[in-house]
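Below is one structure, written out as structure tokens; the observations come after it.
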Amino acid sequence: FSHSFRELRAANAWCRGTGRAFIGAMVSGASGFFFVDHIKHAYQEKAANKDGAETVQRTAEYVALEHALETPWKALPRKGNRLVPVLQVLDRVEERLGRVPGKGDLRACLEARDAMAAAEGVDRSRIPDELFLSVLHREEMPAVNAVLGGVLAQEVLKWVSGKGEPVDNTFCFSVFDGAGQIDRLRGR
């Protein structure tokens with residue numbers, strides 16, 4: 001777990017460079033996410049056919065966090081988690097400030113959101129101010145840690161056993177909607 005995108009990017013780059021899988025997580029306030037980069041991962045999945053269920057071998061290929069965070073907003077799923085663009089804004093603001101944004105950086109985050117929305121041709125109201133307030137409030141909520149940790153543990157078991165389709169590649173959870181969602185971020 002980390003609060004810094006810079007740390008997560010560096011850890012992911014090191015893992016990729018050594019051919020190792022990477023799972024990085026961040027919890028902040030009432031929200032959290034984890035990112036998975038297994039590079040290339042073979043797994044088994046049960047598929048139904050006319051003769052019953054059979055096991056099918058599949059392969060998933062992943063992108064690095066650095067590329068995933070560059071996914072254009074227009075390429076995000078229409079019903080995707082609203083936390084994804086917030087994470088992209090936080091990454092941009094952290095890079096510009098040279099530190100992890102905190103409560104006092106709301107204005108910088110909203111300005112970055114507005115600039116990114118304008119550059120992407122997306123209505124900024126799609127990413128409400130309240131989401132930034134919840135994420136910039138750095139005190140972690142145990143319930144968010146519990147949900148994220150539980151889903152993350154399940155993903156580790158899938159990865160180790162090679163059974164079941166793994167998350168590809170981002171899971172976000174927020175107390176506000178009470179739902180976790182997988183979003184596949186592919187970069188530019």
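The analysis underlying the following values was restricted to heavy atoms, covering all of them including side chains, and did not include hydrogens, waters or symmetry mates. Quick caveat: nothing in here was measured; it's all calculated off a predicted structure. Sequence positions, counted from 1, serve as the residue numbers for this chain.
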*Ionic contact status for Arg92 with Glu95, cut-off 4.0 Å*: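 Looking at Arg92 together with Glu95, the answer is no, because their closest N to O distance does not fall below 4.0 Å.
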
*Sort and list the pairs that fulfil side-chain hydrogen bond (donor to acceptor under 3.5 Å, both in side chains) and have at least one residue in residues 97-110, not counting sequence neighbours.*
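Only Arg99-Asp105 qualify under side-chain hydrogen bond (donor to acceptor under 3.5 Å, both in side chains).
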
*side-chain hydrogen bond (donor to acceptor under 3.5 Å, both in side chains): which pairs involve residues 62-77, sequence neighbours left out?*
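Counting only pairs at least two positions apart or across chains, the side-chain hydrogen bond (donor to acceptor under 3.5 Å, both in side chains) contacts touching residues 62-77 are Trp73-Gln88.
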
*Does Leu87 belong to the same Ile/Leu/Val/Met/Phe/Trp/Tyr cluster as Leu97, with side-chain heavy atoms less than 4.5 Å apart forming each link?*
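Yes; tracing contacts between hydrophobic side chains, which count when under 4.5 Å, links both residues.
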
_Can you confirm whether the side chains of Asn81 and Asp183 place a donor and an acceptor under 3.5 Å from each other?_
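Asn81 vs Asp183: no donor-acceptor pair found between side chains.
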
*Any side-chain donor-acceptor pair under 3.5 Å between Ser4 and Glu94?*
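Result is yes, a qualifying pair exists.
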
Kindly indicate whether the side chain of [X], heavy atoms from C-beta on, has any atom under 4.5 Å from the side chain of [Y].
X	Y	result
Leu106	Leu133	yes
Asp37	Leu65	no
Val89	Phe132	yes
Leu8	Phe22	yes

*Residues forming a salt bridge (Lys or Arg N to Asp or Glu O under 4.0 Å) with Arg184, sequence neighbours excluded*: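 Testing Arg184 for salt bridge (Lys or Arg N to Asp or Glu O under 4.0 Å), a comparison that skips the adjacent residues, returns Asp168.
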
*How are the rings of Tyr43 and His41 set to each other: parallel, tilted or perpendicular (split at 30° and 60°)?*
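Rings of Tyr43 and His41: parallel, as their planes differ by under 30°.
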
*Spell out, as yes or no, whether a donor-acceptor pair under 3.5 Å connects the side chain of Glu155 to the backbone of Val167.*
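Checking the backbone N and O of Val167 against the side chain of Glu155, a donor-acceptor pair under 3.5 Å is found.
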
*What is the distance from atom CG of Leu69 to atom CG of Asp91, rounded to the nearest 0.5 Å?*
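Here the interatomic distance stands at 5.0 Å.
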
